[in-house]
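Working notes, structure below.
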Amino acid sequence: MVTDMIPPAAAPAFLAQAGWGQAAIVPLAGDASFRRYFRVIDGPRRAVLMDAPPPHEDPRPFIAIAEHLTENGFAAPRILARDLEEGLVLIEDFGDLRVKEHVEEQPEAERDVYRRAVDLLAALHRLPAADVPPYDRAVYQREAGLLTEWYCPAIGLPVDEAGYVAAWDAVLPMVERSSSPVVTVLRDYHAENIMLIDRAASHGLGLLDFQDALAGHPAYDLVSLLQDARRDVPPALEAAMLDHYRAIAHPPADFDAAYAVLGAQRNAKIIGIFTRLWKRDGKPRYLSYLPRMWDLLERDLAHPALGPVAAWFAANIPAGKRHHALEDYAPA
């Protein structure tokens, strides 16, 4: 994981070859992976340097999806230069106006911004899926299993792991057999990965962090957006945006069940990931999101489609071992 924000040793030569030899390199951000980002400043010019160091990271999926999105009229960062051997990619700079901070500073803009974000997804869902791997049963199970792999041991709770797998096997067919089209699933489509940009043709929204895209159900990215792990999306706004999506995309009758199943699957996965970021990677700040994640998961589990999974949680993880259970184990 990211340990510092010192530019990679190969960056000056890479930037010089790309025509940015006089540019300053300023730390921009790290994330929950090995990737790091730097702003490159050369007078009035701005770009972003992505450091995706091999063997931990591979920038090729990011490049491929960025080009796919751009070719289809969406605003992904343009690829300005690349060195795949060093894992360096110079990309378009979308600026600093993220959706998360914008709607928190201007709450009156929240509904309009989210409506545009839903419009973008509906447009993406009208297209054939990109040439990416399928979001299939093996991936769903592997991700959902992060909860029993990391969260349950962290609170010292033995659980029925085989029963957990069986419960998901009972509900995932509702997604797999859905009559919804198979679409490009960006997988991390939420307020911290969407930028506000001056580009009307792409709904005024710039897309980031889509390198893990898969081909799957259209409800998944709506869950990412409307059941955000890092900010509270009011339930009334979630309901209104789902109504808006139904009005413009006309999904089949089984869409709501798939939305609940994928919401539960994603939220269980994130509880496991955030626990792993604390236990394995020394990032306890992610624990502050867990009460929200449990709230979202329990809402999804209340849907009738989740009956087998809800029963497993009731039998294996009692209420007292959920929302704030890790506070007794985390550093103060």
Side-chain angles (χ1 to χ4, degrees), residues 1-8 26-39 50-53 55-57 96 98-105 142-159 161 164 187-194 208-212 223-234 263-301 313 316-332:
M1 294 295 168
V2 173
T3 57
D4 61 60
M5 289 301 292
I6 299 171
V26 180
L28 188 57
D31 63 17
S33 72
F34 288 93
R35 290 184 302 273
R36 302 182 302 164
Y37 299 89
F38 300 86
R39 177 159 282 144
M50 176 196 295
D51 175 30
H56 306 293
E57 299 288 339
D96 297 308
R98 288 198 307 184
V99 164
K100 180 177 186 292
E101 288 76 16
H102 177 69
V103 298
E104 288 175 354
E105 293 168 5
R142 183 172 68 248
E143 292 179 341
L146 293 170
L147 184 142
T148 52
E149 180 182 356
W150 289 96
Y151 181 83
C152 296
I155 60 171
L157 185 66
V159 296
E161 295 185 36
Y164 186 69
R187 294 181 77 198
D188 273 313
Y189 186 73
H190 55 77
E192 289 192 1
N193 286 334
I194 307 173
L208 303 174
D209 201 12
F210 41 70
Q211 61 279 343
D212 296 324
V223 167
S224 300
L225 177 69
L226 301 176
Q227 296 189 8
D228 196 322
R230 294 168 176 82
R231 74 175 301 267
D232 291 325
V233 177
Q265 187 271 349
R266 177 175 169 81
N267 294 325
K269 170 183 75 171
I270 292 175
I271 290 170
I273 289 174
F274 286 172
T275 307
R276 183 176 67 188
L277 284 167
W278 161 52
K279 292 290 288 185
R280 188 188 72 183
D281 304 326
K283 297 181 178 182
R285 67 187 180 88
Y286 286 93
L287 297 183
S288 66
Y289 300 132
L290 290 186
R292 177 186 297 115
M293 299 315 304
W294 276 110
D295 283 340
L296 293 170
L297 176 56
E298 288 174 349
R299 278 172 43 197
D300 290 321
L301 292 177
F313 274 93
N316 286 270
I317 307 181
K321 293 291 187 178
R322 298 183 183 184
H323 297 251
H324 301 280
L326 281 179
E327 292 178 359
D328 294 334
Y329 300 87

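What you see is a predicted model; the values in this text were computed from it and never measured.
- Panel note: side chain Arg276, backbone Ile271; no donor-acceptor pair is recorded below 3.5 Å.
- In this structure, Ala154 and Trp278 approach most closely via the heavy-atom pair CB-CZ3, 4.0 Å.
- Residues satisfying the salt bridge (Lys or Arg N to Asp or Glu O under 4.0 Å) criterion with Arg299, sequence neighbours excluded, are Glu238.
- In this structure, Glu57 CD and Met50 CE are separated by 9.0 Å, a value rounded to the nearest 0.5 Å.
- Taking CD1 from Ile155 and OG1 from Thr275, the interatomic distance works out to 8.5 Å, rounded to the nearest 0.5 Å.
- Between Trp294 and Tyr151, the ring center distance clears the sub-6.0 Å criterion.
- Across all non-hydrogen atoms, the minimal contact from Arg35 to Ala52 is CG-CB, 4.2 Å.
- When every heavy atom of Tyr164 is checked against every heavy atom of Ala268, the shortest pair comes out as OH-CB, 3.7 Å.
- For Asp300, the salt bridge (Lys or Arg N to Asp or Glu O under 4.0 Å) test picks out no residue, with sequence neighbours left out.
- Side-chain contact between His190 and Gln227 is absent, with no heavy atoms from C-beta onward closer than 4.5 Å.
- A distance of 9.5 Å separates CG of Asp96 from CD of Glu101, quoted to the nearest 0.5 Å.
- Taking 4.5 Å as the limit, some side-chain heavy atom of Leu225 sits within range of a side-chain heavy atom of Ile194.
- Leu157 has its side chain within reach of Ile317: a pair of non-hydrogen atoms, C-beta onward, lies under 4.5 Å apart.
- Judged purely by distance below 3.5 Å, without hydrogens or angles, the side chains of Asn267 and Gln265 never pair a donor atom with an acceptor atom.
- With rounding to the nearest 0.5 Å, the separation of NZ in Lys269 from CD in Glu149 is 14.0 Å.
- Scanning all heavy atoms of the two residues, the minimum distance from Leu297 to Ala264 falls at CD1-O, 3.5 Å.
- With hydrogens and angles ignored, the 3.5 Å screen pairs a side-chain donor or acceptor of Asp228 with a backbone N or O of Ala191.
- Counting all heavy atoms, side chain and backbone alike, Gly156 lies closest to Pro158 at O-CD, 3.5 Å.
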| said: Assess the residue pair Phe313 and Leu301 against the criterion (side-chain contact (heavy atoms from CB on, under 4.5 Å)); give the C-alpha distance rounded to whole Å, side-chain angles, the decisive distance to 0.1 Å, and a yes or no. | reply: CA-CA 9 Å; Phe313 274 93; Leu301 292 177; 3.9 Å; yes
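- For the pair Arg230 and Tyr286, the minimum side-chain heavy-atom distance is below 4.5 Å.
- Between Pro8 and Phe38 the shortest side-chain heavy-atom distance falls below 4.5 Å.
- For Glu298, the salt bridge (Lys or Arg N to Asp or Glu O under 4.0 Å) test picks out Arg322, with sequence neighbours left out.
- Using a 4.5 Å heavy-atom threshold, the side chains of Arg39 and Pro27 count as separate.
- Between Leu290 and Phe274 there is a side-chain heavy-atom pair separated by less than 4.5 Å.
- In summary, the side chains of Arg187 and Tyr189 do not present any donor paired with an acceptor at a separation below 3.5 Å, with no hydrogens or angles considered.
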| Yes or no on salt bridge (Lys or Arg N to Asp or Glu O under 4.0 Å) for Arg292 and Asp232, after CA distance, side-chain angles and deciding distance? | CA-CA 8 Å; Arg292 177 186 297 115; Asp232 291 325; 2.7 Å; yes
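- Residues Asp295 and His323 meet the side-chain proximity criterion, which asks for heavy atoms closer than 4.5 Å.
- Counting only distance, with no hydrogens or angles, the side chain of Asn193 and the backbone of Asp188 share a donor-acceptor pair below 3.5 Å.
- Cys152 and Val159 make their closest contact through SG-CG1, 3.9 Å (heavy atoms, listed as atom of the first residue, atom of the second, distance).
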